[in-house]
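Here's the structure we're looking at; comments come further down.
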Protein chains: 2
Amino acid sequence: MNDSLHQAARQLRQHIHQFVALSDEEWHGLEPHLSIIHLKKNQFMVTQGVVASQIGFVLEGIFRQFYTKEGEERTTYFFFDQQLIAAYMSCITARPSPVSIEALSDATCLVFPYPVLKALFSQYTGWQEFGRLFAEYVMVALEERMAGLLMLSPEERYLALLEGDQRHLLQRVPQHYIATYLGITPVSMSRIRNRIIPK
Amino acid sequence: MNDSLHQAARQLRQHIHQFVALSDEEWHGLEPHLSIIHLKKNQFMVTQGVVASQIGFVLEGIFRQFYTKEGEERTTYFFFDQQLIAAYMSCITARPSPVSIEALSDATCLVFPYPVLKALFSQYTGWQEFGRLFAEYVMVALEERMAGLLMLSPEERYLALLEGDQRHLLQRVPQHYIATYLGITPVSMSRIRNRIIPK
DNA sequence: ATCTGTTCTTATCTTTTGTTATCGTTTTGG
DNA sequence: CCAAAACGATAACAAAAGATAAGAACAGAT
């Protein structure tokens with residue numbers, strides 16, 4: 001049974017390796033703090049208003065991150081397989097999370113506490129470097145997201161999604177979540193689809 | 001004459017100190033690479049399409065960062081006194097910058113090459129930590145910017161600006177730049193102002 | 001298999017925003 | 001100091017998006 005934990009840990013290390021090559025010692029600083037959680041569809045991993053303290057790594061499943069305002073939800077991000085998942089901003093700032101993260105399917109995650117990661121930052125240069133590179137990675141993603149919202153029309157944003165890497169993955173999420181991700185209403189997105197598909 | 005350079009360097013060190021306390025040795029790794037540049041109003045500090053390699057620190061002046069698309073410009077950020085200024089994304093990714101940065105007034109900056117900073121990252125733990133904290137700082141700012149664009153109406157975004165820290169500084173920049181910063185046209189922003197001021 | 005709730009489309013109506021053009025006013029450069 | 005350019009407000013019209021509601025297709029649960 002612990003096999004699955006070890007295998008998952010290996011996957012996470014592989015993922016982190018894309019950012020930085022950690023020594024075995026550095027890696028072993030994190031490994032004992034890993035555990036696996038299972039979530040049912042529609043279960044929350046992070047709840048708005050609570051200070052987030054867990055970092056996850058998606059082993060299986062789909063998640064959405066969203067803001068709520070006057071009962072209306074706006075999706076800001078989708079998380080898929082083999083991705084780090086967290087209300088990272090809340091972890092960093094230690095302020096209550098403005099967003100919730102919800103499983104859109106039954107899901108499995110490897111998780112560990114952010115305080116552990118933070119301690120590793122100051123303890124090991126490899127982890128400190130990972131912290132920088134990961135933050136830079138998120139930064140670039142956010143900049144592109146912001147630029148899209150500012151520069152592209154709703155139709156262009158939809159088309160960009162269709163051409164993106166996550167094209168096929170997004171087919172598994174309800175369209176009204178995608179609509180709010182694009183900053184428009186589901187009705188408006190339906191019109192856009194209608195306008196485009198005929199081609 | 002070198003006095004001004006030293007004084008500027010002290011200001012930069014003070015600014016960086018908000019992120020991390022550098023040892024004298026760490027600081028001296030950067031100091032020799034600092035220089036001062038003067039820009040005239042409307043002069044570009046970073047040009048779209050060129051790989052940026054300079055980090056600046058605004059000593060005096062106002063700057064705007066903007067995207068261009070089919071001749072239309074959208075401002076993504078304003079930079080003021082005592083702020084680090086760069087097409088950081090371009091520096092990090094070593095890809096041509098999608099944005100330009102333009103002085104909106106005669107300006108003075110302290111500058112240094114990004115490659116120097118990058119070398120300091122791997123050489124000193126203090127600098128590595130600064131790299132992480134700075135990236136995290138930018139990340140949080142971008143997340144808030146994105147959330148604003150996704151969650152707030154144009155009018156709410158304008159009101160948020162009026163209540164922001166940079167309230168007074170923004171009075172010195174032409175309104176049509178602010179309009180594109182909010183993701184709307186100058187005409188639309190004029191309507192919003194009209195709608196609001198009567199109160 | 002049926003029932004219930006969700007999801008998506010479509011239609012209608014309203015509101016908001018963009019577009020274009022005009023007109024004072026201010027700023028800037030020669 | 002003057003002419004030209006830039007700036008901001010406003011009006012009129014067109015285009016796009018939001019709100020709401022109705023209905024069809026689909027999935028999940030009992």
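Model, not experiment: these values are computed from the prediction. Residue numbers begin at 1 in each chain, while the letters A, B, ... track the order of the sequences.
- The residue from B/Leu84, B/Thr108, B/Ile36, B/Leu34 that alone fulfils the side chain to side chain contact (heavy atoms under 4.5 Å, CB included) condition with B/Phe57 is B/Leu84.
- Contacts of residues 174-187 of chain B with DNA chain D (heavy atom under 4.0 Å): B/Pro174, B/Gln175, B/His176, B/Val187.
- In this entry the distance linking CZ of A/Arg195 with C1' of C/dC8 reads 17 Å, nearest Å.
- Put simply, CD on B/Glu155 is 15 Å from P on C/dT15, counting in whole angstrom units.
- Rounded to whole Å, atom P of D/dA6 lies 15 Å from atom CG of B/Leu104.
- In this structure, A/Thr180 and A/Glu73 have side chains that are not in contact, with every pair of non-hydrogen atoms separated by 4.5 Å or more.
- Look at CG on A/Leu152: it is 16 Å from P on D/dA16, rounded to the nearest Å.
- Ring geometry for A/Tyr114 versus A/Phe121: interplanar angle over 60°, hence perpendicular rather than tilted (30 to 60°).
- Salt-bridge check for B/Glu144 with A/Arg95: passed, with a basic side-chain N closer than 4.0 Å to an acidic carboxylate O.
- Going from atom CZ of A/Arg74 over to atom C1' of D/dG18 covers 10 Å, rounded to whole Å.
- In this structure, the CZ atom of A/Arg193 is 19 Å from the P atom of D/dA16, given to the nearest Å.
- Contact check on B/Lys69 versus A/Glu156 returns a salt bridge, with a Lys/Arg side-chain nitrogen under 4.0 Å from an Asp/Glu carboxylate oxygen.
- Residues A/Phe19 and A/Tyr137 bring their aromatic ring centres within 6.0 Å.
- One finds the CG atom of A/Asp106 at 9.0 Å from the CD atom of A/Gln43 (value rounded to the nearest 0.5 Å).
- Each of D/dA17, D/dT10, C/dT10 was ranked by its minimum atom distance to the side chain of B/Ser190; first place goes to D/dT10.
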Between protein and nucleic acid, restricted to nucleotides 25-29 of chain D and to nitrogen or oxygen atoms under 3.5 Å apart, what atom pairs and distances do you find?
none

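- Note: CZ (A/Arg191) to P (C/dT10) measures 11 Å, nearest angstrom.
- The aromatic rings of B/Tyr88 and B/Phe134 sit perpendicular to each other, their planes meeting at more than 60°, with 30° as the lower class boundary.
- Heavy-atom nearest nucleotides on DNA chain C were determined for B/Met189 and for B/Asn42, and the one closer to the 5' end corresponds to B/Met189.
- With rounding to whole Å, B/Glu156 atom CD is found 16 Å from C/dT17 atom C1'.
- A salt bridge links A/Glu72 with A/Arg74: the closest approach of a Lys/Arg side-chain nitrogen to an acidic carboxylate oxygen falls below 4.0 angstrom.
- Within the structure, a side-chain polar atom (N or O) of A/Asn194 is placed less than 4.0 Å from OP1 or OP2 of C/dT10.
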